[in-house]
Chemist: 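One structure follows; several queries about it will come next.
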Amino acid sequence: MFKRKWLTAPYLAFILCGTVIPLIAILYYGFTDQEGSFTLENITAIADEEHAKALGLALLLALICTVVCLILAYPVGLILRKHASGKKGFVVFILILPMWMNFLLRTYAWKALLAGNGVLNNTLGGLGIGKLNIINTPAAIVLGMVYDFLPFMILPIYNVMVKIDNNLIEAAYDLGASKGKVLTKVLLPLSMPGIISGITMVFVPAVTTFVISQILGGGKIYLIGNIIEQEFTLNGNRQLGSGLSLVMMVFILISMALLNKFDKNGEGSII
Amino acid sequence: MSNILELEHISKKFDDDLVLDDLCLEVKENTFMTLLGPSGCGKTTTLRIIGGFTTPDEGRVLFEGRDITNLPPNKRHLNTVFQKYALFPHMSVGENIAFGLKISGKSDQYIRDKIRYALKLVNMDGYENRDVNMLSGGQQQRIAIARAIVNEPKVLLLDEPIGALDLKLRQDMQYELIRLKNELGITFIYVTHDQEEALTMSDTVVVMNQGYIQQMGSPESIYNEPENAFVATFIGDSNIMGGVMLRDKLVRILGVDFPCVDTGFGTNKPVDVVIRPEDVVLAEPGKGRMDGVVSHLIFKGVHYEMEVQAGGFEWLVQSTSMFPVGQEVSLNVDPFNIQIMNKPESEDEEAVVIDV
């Protein structure tokens with residue numbers, strides 16, 4: 001046993017350099033000013049109108065994206081549960097296929113599709129329906145988020161769904177439950193771990209994204225991720241960037257804590 | 001007693017596999033009926049058709065005279081105890097039992113009383129708030145039964161409910177089930193491949209094979225008067241051999257004439273003969289109808305099991321008295337204990353026997 005412990009050494013070194021040290025750096029910068037003395041200004045900066053709006057919009061869009069993903073993914077999970085095992089693998093393969101392509105590419109593809117004279121609008125125009133101006137709006141950002149993160153909702157839900165013993169469903173019917181009751185009393189509670197981890201895996205990257213909002217928002221819509229990115233790169237203010245990152249982290253931790261309350265057994269929780 | 005349940009000409013195919021072929025079955029009110037057969041004989045499919053989980057391709061299911069063939073399981077007045085218990089893992093013992101009652105909108109007080117009553121009935125008082133995942137297999141089985149019976153079904157379906165338990169527990173549960181059935185006064189339809197279970201608990205045993213009912217009757221008649229070689233070999237141990245019915249009440253087995261009690265087979269008719277091992281009487285050489293030599297001896301607890309070579313046949317014999325290997329003995333059989341059966345008429349029927 002003692003020797004086996006050393007097998008984790010490369011991973012521990014990686015975590016140390018890739019997560020722990022940067023986190024400590026962010027903590028340090030977040031609570032210091034340019035001269036290196038302690039300050040809370042970087043944290044309280046979240047109250048600035050621009051920052052608060054960006055955080056609020058990020059939370060709102062991530063929430064919408066998560067809800068849409070859940071609405072799209074859950075019925076898929078329900079249907080896949082019933083299917084013969086051979087077909088099931090193929091359907092899941094198709095659903096997660098987009099995941100295998102770089103997500104920047106996929107996002108740029110949406111930009112091309114949604115552009116003012118892009119594929120979508122040309123088609124709509126050709127059909128005489130008129131243009132759909134959603135590029136550079138929050139709607140386009142949500143669309144991009146949903147497209148990018150949907151597989152992360154489908155996979156955990158699917159994984160939990162296929163493991164639900166069919167006998168339990170039959171037992172519920174046998175005891176008089178209607179289809180609706182089977183869903184709410186048996187399937188939903190039993191698939192909760194999958195739902196929770198799906199929500200986590202979609203909400204967290206969605207709330208922190210800055211690439212999708214940059215590409216599909218036309219550089220005019222700022223999410224908290226964009227603000228932080230700009231502080232680090234454009235403005236070279238890593239203190240403010242770190243401070244806002246810490247605030248965002250706190251918001252994510254709070255949402256996860258709330259989420260975990262729904263998951264009694266803790267099977268689906270990631271943190 | 002009237003029929004609570006009738007299956008009329010039920011056929012069911014899975015892909016191209018004919019699982020049930022023109023099956024007819026009548027279940028009387030307040031009986032303990034067992035569907036007995038090897039795996040793949042169609043017994044579980046029959047139960048699932050009664051429960052509403054499988055729709056037959058042809059035929060009708062009547063419940064108290066009403067056609068319920070296309071009624072979904074949640075609309076049927078019967079409940080099932082599943083083979084793997086199928087307790088809801090996200091609910092406590094009490095919540096599991098209350099599941100059906102809550103759905104039918106019973107009052108909290110009624111549900112509380114029912115849970116207590118049901119737990120008492122299955123000898124698990126005070127377990128309401130336990131986590132079902134922490135219960136042993138036997139306890140889970142009891143809760144599954146409690147969960148089914150609180151809904152006061154007129155028919156309780158049980159799909160090999162005690163197959164996964166260990167031997168001692170299985171025997172205890174057999175007595176429990178008989179007691180439960182008598183206390184509840186409802187019909188039990190029980191599926192098993194275990195012939196001992198079937199004989200112990202049932203009022204009526206239905207022996208099935210390859211989608212057909214082979215024989216139906218009381219445990220005694222199934223055991224003592226098997227109608228064909230399949231039933232004879234499946235239920236208990238037996239010596240099955242070819243014979244010739246010389247005339248009424250006289251059969252020639254292995255070249256020796258044995259008096260029997262069967263009539264109506266005609267004269268010089270080839271038949272199959274079944275003799276149960278406990279019905280073979282061993283004595284000193286010359287005192288019986290045939291002489292032979294003991295070739296194997298095993299002690300089985302209650303009795304000895306011996307193999308005796310006689311007339312070119314290896315007789316299986318069970319007796320409380322012991323004859324050592326190599327001992328010369330004589331064999332005799334009481335006429336009443338010789339069971340004569342018609343030979344299978346087609347190769348199809350023969351296949352039924354070979355498949356055992």
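In what follows, every chain begins at residue 1, and chains take the letters A, B, ... in the order their sequences are listed.
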Chemist: Using non-hydrogen atoms and a 4.5 Å limit, figure out which bit of Leu87(B) sits close to chain A: side chain, backbone, both or neither.
Modeler: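 Only the backbone of Leu87(B) comes within 4.5 Å of chain A.
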Chemist: Is any NZ, NE, NH1 or NH2 atom of the basic residue among Glu176(B) and Arg142(B) found under 4.0 Å from an Asp or Glu carboxylate oxygen of the other?
Modeler: yes
Chemist: Once you round to the nearest 0.5 Å, how far does CE of Met192(A) lie from CD1 of Ile199(A)?
Modeler: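 Going from CE on Met192(A) over to CD1 on Ile199(A), the span is 7.5 Å.
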Chemist: Please classify the contact between Asn151(B) and chain A as side chain, backbone, both or neither, with a heavy-atom cut-off of under 4.5 Å.
Modeler: side chain
Chemist: If I measure from the heavy atoms of chain A, does Leu101(B) come under 4.5 Å with its side chain, its backbone, both, or neither?
Modeler: neither
Chemist: If you take the centroid of each ring, where Trp contributes its six-membered ring, are Phe82(B) and Phe53(B) closer together than 6.0 Å?
Modeler: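 Distance test on ring centres: under 6.0 Å, yes.
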Chemist: Could you look at Arg147(B) and say if it's the side chain, the backbone, both or neither that has a heavy atom under 4.5 Å from chain A?
Modeler: both
Chemist: Counting only non-hydrogen atoms closer than 4.5 Å, does Ser104(B) touch chain A with its backbone (N, CA, C, O), its side chain (CB onward), both, or neither?
Modeler: neither
Chemist: Under the side-chain contact (heavy atoms from CB on, under 4.5 Å) rule, what do Phe14(B) and Thr45(B) come out as? Steps first, then yes or no, please.
Modeler: CA-CA 10 Å; Phe14(B) 287 120; Thr45(B) 305; 3.9 Å; yes
Chemist: Taking atom CG of Leu59(A) and atom CD1 of Ile224(A), what is their separation to the nearest 0.5 Å?
Modeler: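 So the gap between those two atoms works out to 9.0 Å.
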Chemist: Below 4.5 Å from any heavy atom of chain A, which atoms of Phe99(B) appear? Answer side chain, backbone, both or neither.
Modeler: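 Contact with chain A is through the side chain of Phe99(B) alone.
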Chemist: Among the options Leu168(A), Val182(A), Asn166(A), Val186(A), pick out the one with the most heavy-atom pairs lying under 4.5 Å from chain B.
Modeler: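 Most heavy-atom pairs within the cutoff with chain B belong to Leu168(A).
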Chemist: Regarding Arg130(B) and the six-membered ring of Tyr127(B), is the cationic atom NZ or CZ under 6.0 Å from the ring centre and inside 45° of its axis?
Modeler: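 Yes, a cation-pi geometry.
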